[in-house]
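Keep in mind that the numbers below use all heavy atoms, side chains included, and drop hydrogens, waters and symmetry copies. In each ligand, atom 1 is the first atom listed, and ligand 1 is the first ligand listed.
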Amino acid sequence: MRNIRIFDTTLRDGEQSPGAAMNIGEKLQIAKQLARLGVDIIEAGFAITSPGDFEAIKTIAGEVEGPVICSLARAKEDDIKRAWEAVKDSPKKRIHTFHSTSEIHLKYQYRIDQAEALRRSVEMVKLAKSFLEDVEFSPMDATRTDIAYLCEVTEAVIEAGATTVNIPDTVGYTIPSEFGELIKTLCDRVKNIDKAVIAVHCHNDLGLATANSLSAVLNGAGQIECTINGIGERAGNCSMEEAVMALRTRRDIFNADTNINTVEIMRSSKLVSKITGMSVQPNKSIVGANAFSHESGIHQDGLLKEKSTYEIITPETIGLHKTKFVLGKLSGRHAFKTRLSEIGHDLADEEINKAFERFKKLADQKREIFDEDLEALVSENQTTVPEKYSLVDMHISSGFNEKPTAVIKLKMDGKIVEKHEHGDGPIDAVFKAITSLTETSSKLIKYEVKSITGGTDALGEVVCSLEEDDKSVSGHGADTDIITASARAYINALNKLAARIKNN
Ligand code: KIV
Ligand code: ZN
């Protein structure tokens with residue numbers, strides 16, 4: 001059985017999804033979850049692009065144990081030096097450098113010839129190698145690159161010290177049979193191919209990223225680059241959960257598996273969705289809300305008789321359990337701490353105290369507290385962003401014959417300020433008051449409300465995305481009152497935007 005390495009790029013290519021920018025605390029939270037999930041390599045960012053990205057990689061390199069921590073770098077001296085500075089504290093580190101190789105890119109974007117691209121690639125792999133052992137090289141737009149030249153580049157970078165050569169389908173152009181053939185050709189023609197792992201990095205423009213990655217595995221690839229929920233540039237990347245579960249479910253065909261602890265898949269998916277503000281479509285394979293729902297009577301009949309009639313993966317395999325009532329108003333700190341630990345959150349005493357305070361408030365509003373509510377409480381606690389603005393109080397009035405009104409009291413840079421506004425609805429009035437108090441010039445690009453569990457007393461979760469000067473962020477808030485949750489989400493997004501503008 002071959003072991004296929006999982007290279008997770010949620011924090012780098014995933015962050016290139018519009019609106020998915022994450023702050024350092026959020027990236028660290030995801031990186032820790034990726035380590036629990038068992039990914040082999042975390043591409044934690046692109047160090048040269050901003051001080052924020054650099055700090056995030058450095059923090060992850062210093063704090064996250066288990067996976068190799070990697071930074072992306074163009075084939076340029078400054079990029080590689082910056083990547084090295086970012087990853088050097090990790091016991092397991094990698095630099096991933098890349099240069100385009102396709103004629104289209106070399107002619108129109110770089111305006112250099114093949115020989116010059118080859119020279120730069122080799123030189124920069126050598127530079128990276130002077131800092132560390134584990135070096136990955138990607139010939140960008142490989143699937144539109146002349147095959148003889150691609151073989152020449154692959155051989156030269158391995159000779160220069162690359163230990164992984166990644167074949168990106170940068171524009172999501174290839175199809176499974178063609179991509180499989182390409183990987184096979186590299187294995188057959190490149191003399192020193194046994195000295196490196198072949199990786200693949202597929203984009204989903206034609207909806208084929210997972211199929212292409214699996215076809216590559218069948219033809220010799222030993223590493224899949226992917227993201228949680230398949231997020232990423234444009235239509236996204238190969239989805240980690242799809243690739244991993246396809247390999248696991250059809251081991252008979254692939255004769256290969258990964259180190260992924262699949263019971264952590266669902267939690268990883270929810271965390272990434274929450275932090276990036278990118279919802280998962282209900283019919284998404286593996287992690288969509290409907291992935292394990294059976295509507296048709298014939299299917300339900302079969303399932304009741306024997307699960308395997310219509311179920312190829314059990315929900316428990318990916319960590320999906322039936323929603324359970326766990327705690328309530330009378331539950332104590334010990335029961336709360338124990339349940340958190342059972343669902344994977346071992347928090348420090350101080351964090352437990354904060355979360356327990358919120359739990360008590362919630363238990364006053366809501367009779368039954370489910371695991372999903374606990375996850376929301378904890379993740380709210382862990383989302384660290386400096387609070388330039390905080391909500392002190394709010395009063396809302398609205399009715400059939402009444403113009404909706406909001407009175408909002410905020411603490412802004414230490415001072416208490418208040419504003420009264422009307423709106424088309426109570427949420428519109430709240431947002432207008434906050435906009436006016438903070439004098440933000442950001443644009444609201446997304447506003448979404450969903451309930452975390454069932455019932456009219458459920459926690460409502462609001463995601464709100466803002467954009468200003470090409471920077472976009474998503475904020476979230478959860479409360480049994482969706483107007484309060486909306487105000488919290490908006491303020492959370494404004495705080496993130498302020499921090500982002502300061503850090504860049
Ligand atoms: O899609 C791509 O080609 C990339 C490279 C940097 C690997 O993301
Ligand atoms: Zn990519």
Side-chain angles (χ1 to χ4, degrees), residues 5-18 20 39 41-50 53 57 68 70-76 79-80 82-83 86-87 94-106 108-110 117 120-121 124-125 128 134-145 149-150 153-154 157 162-174 179 182-183 186 196-210 212-213 216 221-240 242-243 276 278:
R5 296 181 189 177
I6 295 297
F7 175 110
D8 184 279
T9 184
T10 305
L11 298 177
R12 198 278 297 170
D13 214 321
E15 202 197 19
Q16 289 172 216
S17 319
V39 307
I41 303 114
I42 296 176
E43 187 163 57
F46 193 166
I48 194 117
T49 55
S50 72
D53 233 40
I57 304 168
V68 172
C70 170
S71 170
L72 186 64
R74 286 167 300 183
K76 290 183 168 196
D79 277 45
I80 288 172
R82 194 77 176 142
V87 298
R94 174 181 295 191
I95 294 175
H96 173 195
T97 185
F98 68 99
H99 198 299
S100 283
T101 48
S102 68
E103 202 190 327
I104 302 177
H105 283 204
L106 295 186
Y108 297 110
Q109 190 181 8
Y110 289 79
R120 289 184 191 179
S121 303
M124 290 305 116
V125 167
D134 189 348
V135 175
E136 172 169 330
F137 177 79
S138 292
M140 190 155 81
D141 204 17
T143 50
R144 296 190 300 170
T145 297
Y149 179 58
L150 187 63
V153 172
T154 303
V157 293
T163 41
T164 302
V165 180
N166 174 41
I167 307 300
D169 183 26
T170 304
V171 291
Y173 178 68
T174 196
F179 196 50
L182 171 61
I183 301 301
L186 287 169
V197 172
I198 301 187
V200 288
H201 175 111
C202 296
H203 278 273
N204 207 25
D205 300 67
L206 296 175
L208 294 171
T210 306
N212 287 334
S213 306
Q223 174 178 302
I224 297 179
E225 305 206 351
C226 48
T227 58
I228 305 288
N229 299 336
I231 65 170
E233 186 80 36
R234 305 183 309 279
N237 288 65
C238 169
S239 143
M240 187 279 303
E242 291 173 13
T276 58
M278 294 180 72

Under the ring pair (Phe, Tyr, Trp, His ring centres under 6.0 Å) test, residues paired with Phe7 that sit two or more places apart
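Scan of Phe7 (ring pair (Phe, Tyr, Trp, His ring centres under 6.0 Å), adjacent residues dropped) gives His96.
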By salt bridge (charged side-chain N to carboxylate O under 4.0 Å, His left out) - contacts of Asp79 (at least two apart)
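Asp79 satisfies salt bridge (charged side-chain N to carboxylate O under 4.0 Å, His left out) with Arg74 only.
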Is a side-chain donor or acceptor of [X] paired with a backbone partner of [Y] at a separation under 3.5 angstrom?
X: Ser17; Y: Gly232; result: yes
X: Asn212; Y: Cys202; result: no
X: Thr143; Y: Thr174; result: no
X: Thr97; Y: Phe137; result: no

Show the short N or O contacts, below 3.5 Å, that ligand 1 makes with protein N or O atoms; if there are none, say 'none'.
from	atom 1	to	atom 2	distance (Å)
ligand 1	1 (O)	His201	NE2	3.2
ligand 1	1 (O)	His203	NE2	3.0
ligand 1	3 (O)	Thr170	OG1	2.7
ligand 1	8 (O)	Arg12	NH1	3.3
ligand 1	8 (O)	Arg12	NH2	2.9
ligand 1	8 (O)	Asp13	OD2	3.1
ligand 1	8 (O)	His201	NE2	3.1

For Ser213 versus Ala209, what's the shortest heavy-atom pair and its separation?
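Scanning both residues completely, I find the closest heavy atoms to be OG-O, 2.8 Å.
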Looking at Val125 and Ala162, what are the two nearest heavy atoms and their distance?
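So the two residues come closest at CG1-N, 3.6 Å.
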His201 pairs by side-chain hydrogen bond (donor to acceptor under 3.5 Å, both in side chains) with which of Asp13, Thr170, Thr9?
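It is Asp13, the one option of Asp13, Thr170, Thr9 that forms the side-chain hydrogen bond (donor to acceptor under 3.5 Å, both in side chains) with His201.
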Which residues and atoms, protein N, O or S only, are under 2.8 Å from the Zn ion (ligand 2)?
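Near the Zn ion (ligand 2), the protein supplies Asp13 OD2, His201 NE2, His203 NE2.
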